[in-house]
Amino acid sequence: MIERERVIENYFESWINKNNAILRKIFDPNIVYTECYGPEYHGLDTIESWFEDWNKRGTVLVWNIKQLIHQGHLTAVEWYFKCDYDAEVGEFDGVSLIEFNNDNLIVNLKEFQSKIPHYYPYK
């Protein structure tokens, strides 16, 4: 579990630092990555292209892990994300479901988003 947590922490930090060097160390070559708003990327080469393209237009300002939950080969990560993309700052809470293989490489990652601010609708 600790190794998987380090993989996830290093991945989040790679976005903040705009450093794609770690991608080949944490993803299986046949990774399937589904973003919270619809795009789905297949294969490590596609992930690297997306990472480079996104970072030309954006900067991840914060990507904090709130909690991690492990079950077998799956880890659920609750997080807070804030970025500047095309000169517009956005933020949201999210959860990623991450599946690891026996070598602790990520083979499947699915993100889910919760909009901010949260509010109580029954005032």
When you group the ILVMFWY residues by side-chain heavy-atom contacts below 4.5 Å and let the links chain together, are I8 and W63 in the same group? yes

Judged by atom type as modelled, is there a donor-acceptor pair below 3.5 Å linking the side chain of K18 to the main-chain atoms of V60? no

Crowding at NZ, K25 (>12 non-hydrogen neighbours, <6.0 Å): no

Output for pair (C83 SG, E88 CD), nearest 0.5 Å, gives 9.0 Å

With heavy-atom distances below 4.5 Å as the criterion, would you say the side chains of N64 and F12 are in contact? no

Compile the donor-acceptor pairs under 3.5 Å between side chains in residues 44-55 and protein atoms, sequence neighbours left out, one pair per line.
| from | atom 1 | to | atom 2 | distance (Å) |
| --- | --- | --- | --- | --- |
| D45 | OD1 | R24 | NH2 | 2.7 |
| T46 | OG1 | H42 | O | 3.0 |
| E48 | OE1 | R24 | NH2 | 2.8 |
| E48 | OE2 | R24 | NE | 3.0 |
| S49 | OG | D45 | O | 3.2 |
| W50 | NE1 | Y41 | OH | 3.2 |
| E52 | OE2 | N20 | ND2 | 3.3 |
| N55 | ND2 | F51 | O | 2.9 |

Nearest atoms (heavy-atom pairs only) where L105 meets D28: CB-N, 3.8 Å

Between V32 and E40, is a side-chain contact (heavy atoms from CB on, under 4.5 Å) present by the stated rule, with each step listed? CA-CA 7 Å; V32 176; E40 185 171 273; 3.9 Å; yes

Nearest 0.5 Å, what's the CZ-CD1 distance between F100 and I106? 4.5 Å

How many angstroms lie between CD in E35 and OG in S96, if you round to the nearest 0.5 Å? 10.0 Å

Hey, are the side chains of H73 and V107 touching, using non-hydrogen atoms and a 4.5 Å cut-off? no

With F92, the ring-ring contact (aromatic ring centres under 6.0 Å, His included) member among F81, Y80, Y37: F81

Could you give the distance from OG1 (T75) to CD (E99), rounded to the nearest 0.5 Å? 10.5 Å

Sequence neighbours left out, what pairs pass salt bridge (charged side-chain N to carboxylate O under 4.0 Å, His left out) with at least one residue falling in residues 104-113? none

If you group Ile, Leu, Val, Met, Phe, Trp and Tyr by side-chain heavy-atom gaps below 4.5 Å, do V62 and W79 land in one group? no

Looking only at non-hydrogen atoms, find the nearest pair between G72 and R4 and report the distance. O-NH1, 2.7 Å

Residues passing the salt bridge (Lys or Arg N to Asp or Glu O under 4.0 Å) test with D86, sequence neighbours excluded, are R57

If hydrophobic clusters are built by linking Ile, Leu, Val, Met, Phe, Trp and Tyr wherever their side-chain heavy atoms come under 4.5 Å apart, do I116 and V77 end up in the same one? no

Exam field: side chain N101 to backbone D103, donor-acceptor pair closer than 3.5 Å: yes

Count I, L, V, M, F, W, Y as connected when their side-chain heavy atoms are under 4.5 Å apart, and connections chain through other members. Are I65 and W15 then in the same cluster? yes

In terms of hydrophobic clustering (I, L, V, M, F, W, Y; side-chain heavy atoms under 4.5 Å; direct or indirect links), are I31 and I22 co-clustered? yes

Decide if atom CD of Q67 counts as having more than 12 heavy atoms of other residues, nucleotides or ligands within a radius under 6.0 Å. yes

